[in-house]
Amino acid sequence: SAVISQKPSRDICQRGTSLTIQCQVDSQVTMMFWYRQQPGQSLTLIATANQGSEATYESGFVIDKFPISRPNLTFSTLTVSNMSPEDSSIYLCSVGGYNEQFFGPGTRLTVL
Amino acid sequence: GQQLNQSPQSMFIQEGEDVSMNCTSSSIFNTWLWYKQDPGEGPVLLIALYKAGELTSNGRLTAQFGITRKDSFLNISASIPSDVGIYFCAGQFSIGNEKLTFGTGTRLTIIP
């Protein structure tokens with residue numbers, strides 16, 4: 001399985017600001033995904049990020065709020081824009097495809 | 001978005017006991033995955049199931065892909081302290097639609 005790292009591992013931010021989360025993989029992968037895990041909840045897919053194309057967002061998530069970059073096959077960023085306390089969650093990237101997906105350690109975000 | 005129903009929501013067991021949990025869906029999935037999440041970490045893939053009726057083991061863990069393709073089961077035999085955590089099932093539709101739909105999670109606690 002791929003080794004996935006995320007930066008930052010955690011952050012505390014003020015409302016109205018933005019945070020960019022980085023996801024780095026140790027091998028080239030076609031598909032990368034960004035998930036949100038709200039406190040005490042399960043994981044919900046935000047978007048699928050494929051290199052060379054615009055990210056595909058799930059219902060309830062929009063590009064203006066969660067812009068995503070995928071400049072190459074080993075890296076992606078997710079920005080949480082104009083944050084509010086409701087954005088306090090763990091944000092996780094994953095890689096893989098059909099039959100298996102592997103997750104990074106997550107970024108724990110607290111918005112005050 | 002859709003979430004899969006997982007039960008039980010939580011379990012309190014003694015070390016050495018066997019554990020059973022299940023996951024049900026209103027949709028048919030072609031792949032079922034089971035993950036374990038420890039506090040402060042991303043989910044770790046435990047078992048992947050690819051075919052209806054399939055029974056797969058990984059050490060003390062055994063999982064089954066329901067014959068209707070709408071459910072899956074995970075059993076843990078002879079539980080040990082490191083089994084503590086949250087277990088998630090996840091369903092996947094097909095190649096070209098690789099996103100994961102997660103279950104609501106089962107929190108396992110071992111009583112000393």
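In what follows, every chain begins at residue 1, and chains take the letters A, B, ... in the order their sequences are listed.
Taking both residues in full, the closest heavy atoms of B:Leu45 and A:Phe102 are given as CD2-CE2, 3.9 Å, listed atom of the first, atom of the second, then distance. Of all non-hydrogen atoms in A:Ser42 and B:Gly103, the two that sit nearest each other are OG-O, 2.5 Å.
Only the side chain of A:Leu45 comes within contact range of chain B, judged by heavy atoms closer than 4.5 Å. Contact annotation for B:Leu33: only side-chain heavy atoms (C-beta onward) come within less than 4.5 Å of a heavy atom of chain A. No part of B:Gln6 comes within reach of chain A, as not one of its non-hydrogen atoms sits under 4.5 angstrom from that chain. For A:Glu100, the parts lying under 4.5 angstrom from a heavy atom of chain B are both the backbone and the side chain.
Remark: B:Arg60 CZ is packed, more than 12 non-hydrogen atoms of other residues, nucleotides or ligands lying under 6.0 Å away. Residue B:Gln9 qualifies as open at atom CD: its count of foreign heavy atoms under 6.0 Å is 12 or below.
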Evaluation steps, side chain to side chain contact (heavy atoms under 4.5 Å, CB included), between B:Gln37 and A:Gln37:
CA-CA 12 Å; B:Gln37 187 176 30; A:Gln37 187 175 26; 2.8 Å; yes
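Residue A:Leu78 is not grouped with residue B:Phe102 when hydrophobic side chains (ILVMFWY) are merged at heavy-atom distances under 4.5 angstrom, including chains of intermediate members. Following chains of ILVMFWY side-chain contacts shorter than 4.5 Å, one cannot reach A:Met31 starting from A:Ile68, and the two form parts of different hydrophobic clusters. Clustering ILVMFWY residues whenever any of their side-chain heavy atoms sit less than 4.5 angstrom apart, transitively, puts A:Phe33 in the very cluster that holds A:Val29. Both B:Val84 and B:Trp34 are part of a single hydrophobic cluster, where members link through side-chain heavy atoms under 4.5 Å apart. Cluster membership for A:Tyr35 and A:Val25, using ILVMFWY side-chain heavy atoms within less than 4.5 angstrom, is shared.
Side chains of A:Phe103 and B:Val44 form no contact here, defined as non-hydrogen atoms less than 4.5 Å apart. Within the 4.5 Å cutoff, the side chain of A:Leu92 has heavy atoms near those of the B:Pro43 side chain. Contact annotation: the side chain of A:Asn99 approaches that of B:Tyr50 to within less than 4.5 Å [non-hydrogen atoms, C-beta and beyond].
Distance check, rounded to the nearest 0.5 Å: NZ of B:Lys99 to CD of A:Glu58 gives 3.5 Å. Expressed to the nearest 0.5 Å, how far OH of B:Tyr35 lies from OG of A:Ser94 amounts to 7.0 Å.
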